[in-house]
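In what follows, a structure is listed as structure tokens, so that the remarks can point back to it.
Protein chains get the first letters and strands the later ones, always in sequence-line order, with residue 1 at the start of each.
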2 protein chains.
Amino acid sequence: MVKEKRLQHILKLLQNREMVTYDLLAGELSVSEDTIRRDIETLHNNGLLSKIRGGAMLRSENPLSFQERTTYLQGGKDVIALKAQQLIKNGQTIFMDGGSTICAIAGRLPLNSVLKVITNNQAVVQILSRIPEIEIIILGGNYDRDTATSSGTQAIYEAGKYVADLYFMGTCAIHHAFGITASLQTEGELKQAMIKSSLKTVALSNGEKLDSIEYFKVCDFSGIDVLVTDLASGDPKLNNYRAQGFQLL
Amino acid sequence: MVKEKRLQHILKLLQNREMVTYDLLAGELSVSEDTIRRDIETLHNNGLLSKIRGGAMLRSENPLSFQERTTYLQGGKDVIALKAQQLIKNGQTIFMDGGSTICAIAGRLPLNSVLKVITNNQAVVQILSRIPEIEIIILGGNYDRDTATSSGTQAIYEAGKYVADLYFMGTCAIHHAFGITASLQTEGELKQAMIKSSLKTVALSNGEKLDSIEYFKVCDFSGIDVLVTDLASGDPKLNNYRAQGFQLL
DNA sequence: AGCAAATTTGCATTAAATTGCAACAAGTGT
DNA sequence: ACACTTGTTGCAATTTAATGCAAATTTGCT
């Protein structure tokens, strides 16, 4: 049986049952548990269900309690996504820019979220389309195939037309001396515009991008209000970023 | 059997079977599996189906594929696309708005096209991404899930910032007395803006939409330069639209 | 802490996709 | 009618992906 058929089957099964287990599915679809595990990981990464120990369950309507989330979600992107989720309140307007971390957040939003999301990221548009109460506003401009984002003066200009409660800034190079930097000028300038148009800027960075530098300076630490990483709060790698005037998550 | 015939056959088969394999098709159409593979790749690139290992399935059946794209190769869409294509020259800047007919045109563009395309249609963005020498400019604004387009004052305003050689206006209600009309005000207003910003406006309409009316008036016949339909040039249905100051294709 | 179950990782096997290539057909322009 | 480009098709060699198995690691529970 082909992978896609199996994925279909798993999702269909989840419509009726609260949860499915690996061994049940393995038997039903007559493949090994490993294969099912990989299938469920795929679905999890696409935000179509939540991977839990021993199987999978439906993505919940309501946000998971913190405890549930910590037990159910794992992996770097997931950690960042769940931390970021705590910052979101229904009714808010949010900027989301490019990068896979942003997509992870979008894919983990509760299905009953009520938000207004402004984005230059086509992937985010696709992901959020599934959530009915999210109003999506697209920023226009020159489309870049590689990142699936629009950029350029047009996007920057448009970003300036809105005021958002929150800005989730996609994974970025961050350095204790040089602040936040981007690898493309157009990308960096758009980030600057979004910072300017938001009440609160949340920088997202995974462990590897900490202490790294790109060539275009976006802002120094005064520009951001929260830094979210996948590291534990006590991690020594974060020492350079403590007491810098922003919240560390 | 010609490629076009095969493509149609594959799509038709998928309507009933939800999944097809290479070897099945290879036998049925008596060509090699490689050829079928290439056919399916073509269809996949145009978003008409979802390529999976060993065959293809409907996009709507594949949980991992982005939103469904209604088959736009059927009906007279293909004929319209071919006619419209004659109007395009390399190096031009083109507006393309919403609708499946527009997608059909985008899907038929040769891979070596050199164009600048300005669009508010997400499906078009996806389809054109496969052509490297097409520069894509996205119009921002409020995103509508049903049509996969952005609209609103923002989109209208942005459209006014460009000047295009051509504007392909998606399938529209057209009537000899009431001119061109649209079913949504935002859609209609954007059409007006695009007409204003283009040197040449090409209206696309299939036979059924001829002599039909919607509630929002976009323009009368003075606003358009070419009307493309799927009907033969001698068709009596077209009599009302001859000698109206635009070219009839 | 310690045990059992679950999960990750590395690896071998097989199936499938891609690539490069040559033969061939279909147009194109002279 | 001719050579010429262009695109299509099938085949073989190579690369890549999916799958199941086993060892090593992690996790959950008592």
Pairing of B:Lys200 and B:Asp225 as salt bridge, 4.0 angstrom limit: no

Expressed as a whole number of angstroms, how long is the span from A:Glu33:CD to D:dG20:C1'? 12 Å

The test is side-chain contact (heavy atoms from CB on, under 4.5 Å); show your working for A:Ile180 and A:Ile224 and say whether it passes. CA-CA 9 Å; A:Ile180 289 175; A:Ile224 66 172; 3.5 Å; yes

How close or far is atom P of D:dG10 from atom NZ of B:Lys3, stated in whole angstroms? 12 Å

Which nucleotide in the list D:dT19, D:dG28, C:dA15 gets nearest to the side chain of A:Thr35? D:dT19

Could a donor-acceptor pair under 3.5 angstrom be found where the side chain of B:Arg38 meets the base of D:dG10? yes

Can a side chain N or O of B:Arg53 be found less than 4.0 Å away from OP1 or OP2 on C:dT18? no

Calculate the interatomic distance between B:Asp34 atom CG and C:dC21 atom C1'; express it in whole Å. 13 Å

Separation of atom CG in A:Leu7 from atom P in D:dA18, rounded to whole Å: 11 Å

Taking A:Lys5 first and then B:Glu18, would you say they form a salt bridge - that is, a charged N and a carboxylate O separated by under 4.0 Å? yes

Whole angstrom is fine here: how far is it from CG in B:Asp39 over to P in D:dT8? 10 Å

Side chain B:Arg37 and base D:dG10 donor-acceptor under 3.5 Å: no

